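A quick write-up on the structure given underneath.
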Amino acid sequence: MPEIATLDRASAVPLYYQLQELIRQQIESGVWSPGDPLPAEHELCRLHGISRVCVRQALGILEADGAIVRRRGAGTFVASTRMAAAVAGVLRALLAPGPRPPAIRVLDRRVGGVETSVCRVLGAASENVLRLTTLWSADDLAYAIGVSFFRRADVEWLDAIATRGSLLCAPTPSPAIALGEAEVSIETTSCGRFEAERLGIADRSTLMVTVSVHHDAGDGRPLEVSRLGYRGDRVQLRFRGTPVLGPRAAHWAFDDG
């Protein structure tokens, strides 16, 4: 049993919220490990001097966030560790995959019919833009789904191998592409039936969505525009890199080594 932290009754933060933050911190710091049982509701009430209503509100937040699992008749347990997924586009995942490269399967391939905003970023006419819809997996877990756009002239090797149903891989020798900064924004949304069926989750489940523009390290021109939705229940997003201060508020210099 960890040392009991005191809830601050003078705080403007509600007691149930303080309790869920306390339990979350204990899980993240390793006090409680995946699969460990948490104290029963009545025990949490006694330890912290709060009502069962407060305890249930706190546990409800943690359960909704996927931090704990409540099993009827058995108790409350720490959930499995979420998979760490680097924020990346198709090019970065293939050419600088890191120690745990994903399996990227092509669900759909199209040329043209691309919205004006994407064409403007890539500096290409719609008929010269390759669009790939992809499903990302690791250890047999489908964890992300999304769409990426490229100028066909920049990725002739990718254009040649990206057929519907194929698994993408970097050719040998590797293409002469030097990946540099990436501008990334993150939001949440609810998935539709198409995403839910392929990710194996319930319709309207929460997805963490990254919208990113990946640039060439040499001349800084955009090489890929990507929008990926990650499973919120099984994935922890991580940035491989450091923020770059400058006129663009949100861009990152990635370390692919």
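In this text, all values refer to a predicted model and were calculated from it rather than measured experimentally.
- Closest approach of Arg92 to Ala182, counting heavy atoms only: NH2-CB, 4.1 Å.
- Under the 3.5 Å distance criterion, the side-chain polar atoms of Glu28 are left unmatched by any main-chain donor or acceptor of Gln25.
- Panel note: side chain Asp139, backbone Leu141; no donor-acceptor pair is recorded below 3.5 Å.
- Annotation for Ser126 and Val114: closest pair OG-N, 2.9 Å, computed over non-hydrogen atoms.
- Proximity of a side-chain donor or acceptor of Arg198 to a complementary backbone N or O of Phe194 within less than 3.5 Å is detected.
- Between Leu207 and Ile201 the shortest side-chain heavy-atom distance falls below 4.5 Å.
- Between the side chain of Glu224 and the main chain of Val90, a donor-acceptor pair closer than 3.5 Å is present.
- Pairing each heavy atom of Ser166 with each of Ile161, the nearest pair is OG-O, 3.3 Å.
- Here the closest non-hydrogen pair linking Leu199 and Ala144 is CD2-N, 3.5 Å.
- Using a cut-off of 4.0 Å between Lys/Arg side-chain N and Asp/Glu carboxylate O, Glu187 and Arg227 are scored as salt-bridged.
- Closest of all the heavy-atom pairs between Leu59 and Arg70 is CB-NH1, 3.6 Å.
- Met208 and Val211 are assigned to two separate hydrophobic clusters, defined by single-linkage of ILVMFWY side chains at heavy-atom distances under 4.5 Å.
- Under the 4.5 Å side-chain heavy-atom criterion for Ile, Leu, Val, Met, Phe, Trp and Tyr, Leu91 and Ile145 are members of distinct hydrophobic clusters.
- To the nearest 0.5 Å, atoms CZ (Arg152) and CD (Glu127) are separated by 10.5 Å.
- No path of Ile, Leu, Val, Met, Phe, Trp and Tyr side chains, each step under 4.5 Å between heavy atoms, connects Ile61 with Ile23, placing them in separate hydrophobic clusters.
- If you take CZ on Phe149 and CD on Glu115, they are separated by 6.0 Å, rounding to the nearest 0.5 Å.
- When all heavy atoms of Tyr143 and Ala85 are compared, the closest pair comes out as CE1-CB, 4.0 Å.
- Using a 4.5 Å cut-off on side-chain heavy atoms (C-beta onward), Trp32 and Ile68 make no contact.
- Under the 4.5 Å side-chain heavy-atom criterion for ILVMFWY residues, no single connected hydrophobic cluster contains both Trp136 and Leu107.
- By the 4.5 Å heavy-atom criterion applied to side chains, Val13 and Asp8 are not counted as neighbours.
- By the 4.5 Å heavy-atom criterion applied to side chains, Ile104 and Leu132 are not counted as neighbours.
- In this structure, the side chains of Gln20 and Gln57 stay at 4.5 Å or more apart for every pair of heavy atoms.
- For the pair Leu94 and Leu158, the minimum side-chain heavy-atom distance is below 4.5 Å.
- Leu22 contributes atom CG, which lies 12.0 Å from atom CG of Leu15 (distance to the nearest 0.5 angstrom).
- The hydrophobic cluster containing Leu168 also contains Val111, counting ILVMFWY residues as joined when their side-chain heavy atoms lie under 4.5 angstrom apart, directly or transitively.
- With values rounded to the nearest 0.5 angstrom, Arg234 atom CZ is found 6.5 Å from Ser80 atom OG.
- For the atom pair Ile186 CD1 and Leu228 CG, the distance stands at 11.5 Å (nearest 0.5 Å).
- Between Asp108 and Arg131 there is no salt bridge, since no side-chain N of the basic residue sits under 4.0 Å from a carboxylate O of the acidic one.
- Arg193 CZ: 12 or fewer foreign heavy atoms inside a 6.0 Å radius.
- The side chain to side chain donor-acceptor pair (under 3.5 Å) test with Arg109 is passed by exactly one of Asp159, Thr133, Thr163: Asp159.
- Open room surrounds OH on Tyr17; 12 or fewer heavy atoms of other groups in view lie less than 6.0 Å from it.
- In this structure, CZ on Arg105 lies 11.5 Å from OG1 on Thr134, to the nearest 0.5 angstrom.
- For the pair Ile50/Arg9, a side-chain contact is recorded, criterion being any heavy-atom separation below 4.5 Å from C-beta on.
- Ser137 places no side-chain N or O within 3.5 Å of a backbone atom of Asp140 that could act as its donor or acceptor partner.
- Looking at heavy atoms from C-beta onward, Asp36 lies out of side-chain contact with Val31 at the 4.5 angstrom threshold.
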